[in-house]
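Sequence lines set the chain letters: A, B, ... in the order given, protein chains first and strands last, and positions in each chain run from 1. The shown structure was predicted, so the numbers you read here are calculated from the model rather than taken from an experiment. Side chains are part of it too, since the values below use all heavy atoms of this structure and drop only hydrogens, waters and symmetry mates.
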Amino acid sequence: MNPIISVINISKTYRSGDIETKALQGVSLEVKRGEFVMITGRNGSGKSTLLHQLGLLDIPDSGEIIINNKNVTKLSEHERSDLRLRYLGYIFQEYALMSELTAIENVMLPALPFKKTSICQKRAGELLAQVDLESKWDHLPSQLSGGEQQKVAIARALINDPVVIYADEPTANLDSVAAADVMRVFKKINEDGKRTILMITHEQEETVYANRIIRLADGRIV
Amino acid sequence: MNISIKIPLFLLSRSLKRGNKWTLGLTVFLMSIAFVNLIFITSLFNGIVEGANNQIISTLTGNIYMSPKAGEDFIENPVQAIGEIEAIPGVVAASSEVILPATLSFNSLKGGWNVIAINPEEEKSVTTVSETIISGRYLTSSDTDAIVLGKEIAGDVNGNELSSLKGVAVGDVIQFTYAGAEYPLTVVGIFDATFSATNERAFITQKTLTGILPSLEGKATNILIKTEKTGTEQTTIKALTDKQIAGRFFSWKDMSGIMESVTKSFVSINVLLTFVGILIAATTIFIVIYIEIANKRRSIGILRAIGLQPGIIAITYITQAAIFALFGIALGSLLFVGIVVPYFKAHPFELPICKAVMVIDYADYAIRAGVVILVALISGVIPALLITRSRIIEALSGR
């Protein structure tokens, strides 16, 4: 079976004035469909940079990225946006919820371009129920705890039934109870939905949920 | 629904409903002030020009001014002429006058002014001078040795007018001199028509004039004609000419003389100040909208990260800018029509040529509203496009 993600020798260098930072140096990897892969490493090792390239939030300087048999390296911004919306789910450390939208509105937002509002609302309600937030559908992000906000972000990432979910340190801002709760949600998504998940974590105990662990150091897989 | 409308409407409706009301209110308020600033100057100048024009029509020339046939000094049968003129559709009333460039003197002071011999009842139906008496009374048909002076002629005891009788009051007797004839007249009233050219005139009755200069009985140097509507003068002039009434007819505009150049100057100043006003309003609106949208950098980053097309995101914030502009125009209109216009109606600007109030020209108003919307849209486009073209990661972090 073809891997759902193939990364071939990608590099990324950031420049600030005369200072060059080689964030990724020839990284190659493959992820199989349904895998739960954790990416670990020290701060500055290139974890987030790698996830940004895979999540089409940034463009590598060289190398190729193939997602679901499609080479996404040279796509236009329009095509990259379309792929992000339809096939990828991204969960950020800081939740990245729209502050003026309720929980259900945040979840349904990515589906609005494709479906009727009423259908989006129904599906968003189901997803909020899956993450145990059905009673807080009308809460604004400011009225939710960190763990609850992250679960809303997870529900939003699932609304368009993505082929891959990326999560960038989703538990970093949560207490241990909320973090465990969120991790159980990820495990459930991975096992029940057979979804592929790539997650960055600093927490050693979270790696037990993963099928595979990729360690990065100085922009290279070690 | 088209997604380029559906998503912006979805986001905007929530943003307006749940966004910071103070920020929204302040933004709309600033937009409204910028709009009021734009329409204030033009409405004031419209008011001055319209006020001056009204003063010319209502105190000096009427809508149409009839003078004698070319080569003649007098209209020989003004009573018959008035009868024929008033039979023309659209004519409300007409009044004959004899204008005499006379000398008026009081004690050691004297000066040359136009003294107008009128039929007071006729004159009241055409001009409003009788309504502007500030001391004493207006003329009556039976007055035979009375004179009503304009404020500029009467002057002030301590005034610094270049030429006046320095404080002549009601009851004083002044000397009227014309073509060698000298006659004492009692000042029965002083008027202030709020129009300097009218205030430099004096009025006597035709009966008084006949007593002084019997040869002028039954003659007129001009006839003032009041029409139902201002702006229809040329139609009425054509009807008067077609009816072959003996005389020459001019619209008030033809007779406005120096006031026409003053009016043109006001129009030029208005254009210049409007241009400056638009620049100031545009800069204000640009800054307000730019800051508002630049503060949405993180939200725009989130929308981009989840995959919404940059074009749709830009439309969202450009539409938001347009809504701010519409709200600003609506609030500005309320402030202007509800507060500014009534205030200046109650407390008009007192100018030598008129009491100016705010006059809204709806074409000007629409153009200025369009300018506000256009500037808001441009102000929305620039930051929205800059942010949607920046790196998503930077936008997400609010940088």
One thing to verify: whether B/R298 and A/E94 come together as a salt bridge, which I'm taking to mean a side-chain N less than 4.0 angstrom from a carboxylate O. no
Count the heavy atoms of every other residue, nucleotide or ligand shown that sit under 6.0 Å from [atom1] of [X], and state whether that count exceeds 12.
X: B/L279; atom1: CG; result: yes
X: B/F29; atom1: CZ; result: no
X: B/K21; atom1: NZ; result: yes
X: A/Y95; atom1: OH; result: yes
X: B/F40; atom1: CZ; result: yes
X: A/K22; atom1: NZ; result: no
X: A/D218; atom1: CG; result: no

Taking a cut-off of under 4.5 angstrom between non-hydrogen atoms, the residues of residues 131-164 of chain A near chain B are A/L140, A/R156
Within residues 77-84 of chain A, contacts to chain B at heavy-atom distances under 4.5 Å involve A/E77, A/H78, A/S81, A/D82, A/R84
One option among B/G307, B/P310, B/S299 has the most heavy-atom pairs under 4.5 Å with chain A, and it is B/G307
Most heavy-atom pairs under 4.5 Å with chain A, out of B/G19, B/G301, B/A305, belong to B/A305
Turns out that what part of A/S99 lies under 4.5 Å from chain B's heavy atoms comes down to neither
Okay, A/S48 and chain B: the region with an atom under 4.5 Å from a heavy atom over there is neither
Going from [atom1] on [X] to [atom2] on [Y], what distance comes out if it is rounded to the nearest 0.5 angstrom?
X: B/I393; Y: A/Y14; atom1: CD1; atom2: OH; result: 7.0 Å
X: B/I392; Y: A/L57; atom1: CD1; atom2: CG; result: 5.0 Å
X: B/K296; Y: A/M98; atom1: NZ; atom2: CE; result: 7.5 Å

Bottom line for B/I302: the part with an atom under 4.5 Å from chain A's heavy atoms is side chain
Whatever's closer than 4.5 Å to a heavy atom in chain A on B/R14 counts as both
Nearest heavy-atom approach of B/I7 to A/L112 is CD1-CB, 3.5 Å
Polar side-chain atom of B/R18 near backbone of A/E100 as donor-acceptor pair, under 3.5 Å = yes
